[in-house]
Structures are given as C-alpha cells and as structure tokens.
Number of protein chains: 2
Amino acid sequence: MDKDITIYDIAKELDLSPTTVSRALNDHPAVNKNTKQKIYSMASQLGYRSNMFASNLRRQRTNTIGVIVPKLNSNFMSSVIAGMEKVANEADYNLIISQSLETVEKEIANAKTMFNSRVDGLLVSLAFDTENMDHFEPFISKDIPVIFYDRVSDHKQFAGVVIDNVQASYEATTHLIEQGCQNIIHITGNLRRNVYADRLKGFKYALLDNDLPFSDASVIINNLSEDAGVEAAQQILQMDSRPDGLFVSNDTCAVHCMKTLTHAGISIPDEIAVVGFNNDPICRVVEPSLSSIDYPGYEMGEVAVRSLIHYLSGLADTSVTRITLRSELIIRSSSLRKGKENNKGKALALLPETK
Amino acid sequence: MDKDITIYDIAKELDLSPTTVSRALNDHPAVNKNTKQKIYSMASQLGYRSNMFASNLRRQRTNTIGVIVPKLNSNFMSSVIAGMEKVANEADYNLIISQSLETVEKEIANAKTMFNSRVDGLLVSLAFDTENMDHFEPFISKDIPVIFYDRVSDHKQFAGVVIDNVQASYEATTHLIEQGCQNIIHITGNLRRNVYADRLKGFKYALLDNDLPFSDASVIINNLSEDAGVEAAQQILQMDSRPDGLFVSNDTCAVHCMKTLTHAGISIPDEIAVVGFNNDPICRVVEPSLSSIDYPGYEMGEVAVRSLIHYLSGLADTSVTRITLRSELIIRSSSLRKGKENNKGKALALLPETK
DNA sequence: TTGTAGGCGTTATCAG
DNA sequence: CTGATAACGCCTACAA
C-alpha cells in the first residue's frame, strides 16, 4: 500500500508552499489562476485526495449529517433518504444513517453514536414510543442543530419538516363521508407522535363539520403493524353497530385490516369503505386497491437536508421552525362507491385553517 | 458552545500524562487498574468524548464501513442494513450508507465518495446494470477490502456473501413441476448479475432433471419492476402455447404479473401456478398469496460486516471468498394446486451439487 | 499573490 | 507501569 499523497507532495513537486496548495485546492480567490491550474493538474496526476480527518480536526467540523429513521423498509423512507442523499452530496456532506426500529432504546443509542461521531447536524424522525427529548440535549447544548422530519417533536424549540396531517386527514375523512359513510372508525398510532395526534384531530374536525358524532369508540389506537391491522378487524367485526367507513393511518395496517374484513365476508367498499395513509405501492396490490394519502418523501428529504445546511451555513432563518409540504388524497376502489361522485373540490373548500 | 474536553484536561485534573490517559481510555493492559478507574470516572465527570478525527488522523483509519445498496425500499434490504448496523455498532464501527438506485452512474459516484471518505472497507450489492468493476480499483490498489453481498461480482478476487441461488431456483422450479406444471416460464433480471444468472441455471437444471424441454422462449428478461411484471403478463397472454407455471425472480414483479393475469381471467394457481423470490411482506397481501423464496437478510448483513471486520483485524481467512447462507421455499396458495402434495423432500433429494 | 509557523487531539515510539 | 516527544495532514493568522 503506497503512501498517501499530501499537499506537501504537491507543493514539493511544484516548488510552492503547502499553504498555496491548500488554498488552491479550496478555491481560495487569492491564488493566481495559473498556479491554481498547475496545482489542480498535479493533484489529479498524483492521485491526491484530501484527508478529511486532518481537515476536520483543524476546522472542527465533519461535513457529516446524522440521520435517525424509524425503519428503512418502506417506499416512503427510502425516498426520503434518496432526497437527502441528493442534496447532501451536492453540498459535499456525508450521511450517516441509522434505524431506531421504532424503539426509544435504539434511538437513544443512535443519538449517542451520532454525537460521538461529531455530526454537524442531526435529522430525526421519532420512534413510536419516544417520550422525552433528553437524548437530544447534548446536541442542543453544543449548538448542533437537530431538525425533525415527518415525526417531529412538539417542543417549539425544534424545527421540523412535515405535511399538514390535520388537513390530509380531514380530506380523507370528508371523502369517506361524501361516499355515504356515517359511522367511521379511525385507526391510528401512538398519539404522542404529532402525525397521529394531528390525524385524529383532522378526523374529528371532519366529523364535526359534517354533523357526525364523535366518540372515543370511533378510534382504535395500536402500533399500526400487520398484526394490529388483523386485530383491529376482529374488533370491528364484533362491534354492535358495525362501521361503514375506515380511515387508517398507515397502509400496511389498512391492508391487513381490509383483508381480514374481506375474508370475514365484508364487502369493500360497499359495506365498509377504507382509506389508508402513505400511498405505499402495496395500495395498488391489494384487492380492492386502497385509497390513500400521498406524501412527498423525496422532497421531504431534500428540504430537511437543505434546511439543515442553511442553518449550518449561518443563513438560517431562525424564525422558520416548521416547513409544511403538500400531500394529496389518491382515490382508489377501496373507498369509491358506485354512483358517488368524487367531490374533492367541495372537501377542500370546507377545509379549516390549520397552521 | 463550550470548549471540548480533551485528554489533556483529564490529565491535568489527575496530574497524569496525556499518554496514560490515552492508554487508559483505550483499555491498554499496561495501565494500573486504579489509575484506569480514576481516569474513567474523571472522563465521564467532565463529559469527555474522544475526538475521532484526531484519532483517525493519527491511526490512519476511520472505523467506518461504506455500504452501497441498490435500493433501500424493500423489507429485504432494510433487514440487511439492520443486521449490518448491529454488528458494526458492537465492534465500534460506523456505517455510511448510500443507494445506487440501480444505476452504474450513481454506483460509481457512491464509490468515489466512499473512497474519499476513507472508509476502512466497503460492502456492495451491485446495481442492475453494472458491467465492470473499475470503480472499485482504487480500493483494491490501496488494499481496502471490498466485500459483496447478494449481488456479487463474478471476479474471483472479490469475496461475497450470498445464498445458493441455483439451489433456491431449482427448488422453486421443482415445486412447480410437482404441482403438475409442464410449461414453465422464468422471468428474471439482467444476467450479468449472479443472482439472476444463477437462478436461470437452477431453473434449467430442474427442467432437465425432470425431462422437460428448455428453450430461450422459456425465459423473459426484464428489469423486474412493477411495469415489467405487467408487460410480461401481456406477453404471456399472447403466447401460442400458454405456460402453466411461472417462476419470477422478484416478488414485486411477480405480484404485478399475477394481478394482470388474474384480471385477464386466468385462474391462479390452477391455470398458471406462480412462485416469486424474496418473501417480501407483499406476498401475503396479494390474492392468492404468493409462494416465494425466503432469504435471510438480517443474517446476510451480520455476516457481511463480520467478515469485513475479521478481514480488517487481520484475522481473515483469505481462502474464504464465498459465504453461502441458507434459503427456503415458502409455499402459499399461488402455487398450491388441490390434490397435490408438497413433495419438498423429494425435490431436495434430487438437488445437484452446486458450489 | 505567496510563505512561515503553529496547533487541532490523538497515539506510536522510545525511554525511564 | 508511566512519561516526553514527535508526528498524522491540514488550515489560519500573520508576515512579506
């Protein structure tokens, strides 16, 4: 294994000082154009690559962004990561990605690793059961920016990139109502997570605005897994007054719930209309195909990294603590009843102001 | 933002030399137990965290492993990553993950970034259309180990972690034959990738061993996407002698192919029996549920990182260039015909030696 | 426009 | 068992 080429080697070769070489390589304005050219070509000729560690050590920053994600195995998350990568690469940042697998314990461990790796900033989508934000304290106290995406923190001090979950949920629920549903059940996740709390809120608003009653019995809270979907279906099958509509906060759960209902002889959408959330490819696989809320993952990743880098560059508009991206209801067979129009326009007009 | 605590601070506090502190922190045997204890507690009391850059700079290694993955959006890949993370964390390595999104261009860019980030080793699953291995040359010439997983390189110089695709495919095909299929079509991906070439091989072997004819018309090669699945189905519908069995190298493609066939009025498994590959959760969503090859992703990730670390620690058994993990056929409705037994045992007995 | 000098925090080497 | 010293490669005052 040959020795690495350093700026000293280039300097010696061209009879210049390392300083000049360093400056040229960083495109410093105060270096002669010709000199720069000579340095560039010598660098590539010798196969020079900058030693990030020396540079990091010196500059006290790493050009690395940490990403904590609940799970990677969804189309949504993989799009988010792809968007993050694109922006990060363009800005010469590296990404360190780790999965919390929906547990606080791993999330805490991940945060610690990130901290010790001295990431310049952190992007987090919270695990299902994270209660407090203590594990991000070390970042705050060292002024390392932490930006949340999708599953954000309620604490106002933390910036976040989100969609308007209240509106999306309002839209989905309204759609069900327009399809004739009078007794809708909402299945959602841990209400500590903004996404689920907000969706519940949107659900309630929509019922209210359409003079439909809401009761605690209208909501099933679980972990939105496959199994949870099956269980929820069993619960529903045993209800006294069976619902005629179902709005589920996650496509996986919705799909397995729907399948269980279908197997029990329920006809979808006629007896029960169903809408999911995320617009996962699975929506187009299940029979009938599942209506869902589409969610701009790639864009969310891009925006999150872009904000973080802005912040790191000191250009941050510190007043901006929430960036909201648009989402969209995709209507498919699972919620479209014969003879019913898609009155999406009307639904939108009814939309309350939600900031 | 306060200044970081260094080993000097600890040393000063305890009236020791930085050298001793460094040694203690690295659990060097030649440090007095009491001294070590004192150093540990002082370190945590002051909130010391090691500066990886200084350490990396000095030791010329980064404790970082680069991972290049085609796409993250599958259950399989997310399991692989989870397995990798577990082993890497335990051994105090960091992971830098990036997606090639199935294109050589991004794969090359990723490799370059990894190289410049001075990863200690690289784990790669090749993109669909990667032809040559030139972009890994810089690693080779610097003695940076590159280990492939799943989609490996044929070049004998590269180590890899795989399943026995020939056997898995042989087993799947034999199963279809046992279900009475006489005219099976195999849908697979670019044959430059070992996984697809090997599966084709296993498919041929199984036909051969059961005295069924093989012709080029028995194989459809595409990119295994959703759309490709739909197209393949359309192709099949127009065939003169319609097949009665289908073995697809990827569940997503299989599912969309199957759905298209079903919509065209074909009954599955009776008219056409179908087996997929990967055992993605989607298999249990589609109707009828899809038989598939189950594949130990988590384990593959663990093994890949473990091998890499062994290699980096100089413990490598350089003679081991291929590690093969077990896989398993999961039989579901899409390939199970009434009145047919599951003669899996027989299939296994017929299995040819495949190294 | 270029150069000199010193230090970022750690660890390897050599010497007690 | 402990310590002094010198790198690792780069960058930033400051000086010329």
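To find a chain, count down the sequence lines: A is the first, B the second, and so on, and within it residues start at 1.
If you find the closest nucleotide of DNA chain D to A:R49 and to B:V31, the one lying nearer the 5' end belongs to B:V31. Between B:P29 and B:P18, the one whose closest nucleotide on DNA chain D sits nearer the 5' end is B:P29. When the nearest nucleotides of DNA chain C are assigned to A:K33 and B:F53 by heavy-atom distance, the more 5′-ward of the two goes with A:K33.
A:T20 comes within contact range of the sugar-phosphate backbone alone, with a heavy-atom separation under 4.0 Å but no base atom that close. In this structure, A:Y8 reaches the bases: a heavy-atom distance under 4.0 Å links it to at least one base atom across the strands shown. When heavy atoms are screened at a 4.0 angstrom cut-off, B:S22 is found touching base atoms of the nucleic acid.
Protein atom CG of B:L25 is 17 Å distant from nucleotide atom C1' of C:dA12, rounded to whole Å. Here C:dG6 presents its P atom at 18 Å from CG of A:L57, a figure rounded to the nearest Å. Nucleotide D:dG3 holds its P atom 10 Å from the CG atom of B:L14, rounded to whole Å. In this structure, A:I7 atom CD1 and C:dG3 atom P are separated by 12 Å, rounded to whole Å. To the nearest angstrom, P of C:dT11 lies 12 Å from CZ of B:R61. Whole-Å rounding puts the B:M52 CE to C:dC8 C1' distance at 16 Å. Spacing between atom CZ of A:R23 and atom P of D:dT12 amounts to 10 Å, rounded to whole angstrom units. Between the NZ atom of A:K36 and the C1' atom of C:dT2 there is a distance of 14 Å, given to the nearest Å.
For D:dC8, the base has no donor-acceptor partner in the side chain of B:R58 [N/O atoms by modelled type, under 3.5 angstrom].
Using a 4.0 Å cut-off between a side-chain N of Lys or Arg and a carboxylate O of Asp or Glu, B:R151 and B:E102 qualify as a salt bridge.
Phosphate proximity of D:dC10 to A:S55: absent, as no side-chain N or O sits under 4.0 Å from OP1 or OP2. B:N26 has a side-chain polar atom (N or O) that falls below the 4.0 Å cut-off from OP1 or OP2 of C:dT11. Between B:T35 and D:dC1 there is no side-chain N or O to OP1 or OP2 distance below 4.0 Å. B:Q60 has no side-chain polar atom (N or O) that falls below the 4.0 Å cut-off from OP1 or OP2 of C:dA12. The shortest distance between the side-chain N/O atoms of B:T19 and the OP1/OP2 oxygens of D:dT2 is not below 4.0 Å.
Remark: A:R118 is not positioned above the aromatic ring of B:F53, lacking an NZ or CZ atom under 6.0 angstrom from the ring centre and at most 45 degrees off the axis.
For the 3.5 Å distance criterion, the side chains of B:Y295 and B:D150 qualify, holding a donor opposite an acceptor.
The side chain of B:R59 lies closest to C:dT11 when the candidates are C:dT11, C:dG3, C:dT1. The side chain of B:S17 lies closest to D:dA4, out of C:dT10, C:dT11, D:dA4.
With A:L16 as the fixed residue, the side chain to side chain contact (heavy atoms under 4.5 Å, CB included) test singles out one of A:I10, A:I39, A:V31: A:I39.
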Q | salt bridge (charged side-chain N to carboxylate O under 4.0 Å, His left out) between A:K36 and A:D27, intermediate numbers included | A | CA-CA 8 Å; A:K36 260 190 199 172; A:D27 209 11; 2.9 Å; yes
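Note on the helix from C:dT1-D:dA16 to C:dG16-D:dC1: terminal axis deviation equals 30°, with five pairs used at each end and the result rounded to 10°.
Annotation: A:K38, atom NZ; neighbour count of heavy atoms from other residues, nucleotides and ligands within 6.0 Å does not exceed 12. By the 6.0 Å contact criterion, NZ on B:K71 is open, its count of non-hydrogen atoms from other residues, nucleotides or ligands being 12 or less.
Using cut-offs of 30° and 60° on the angle between ring planes, the pair A:F148 and A:F158 is perpendicular.
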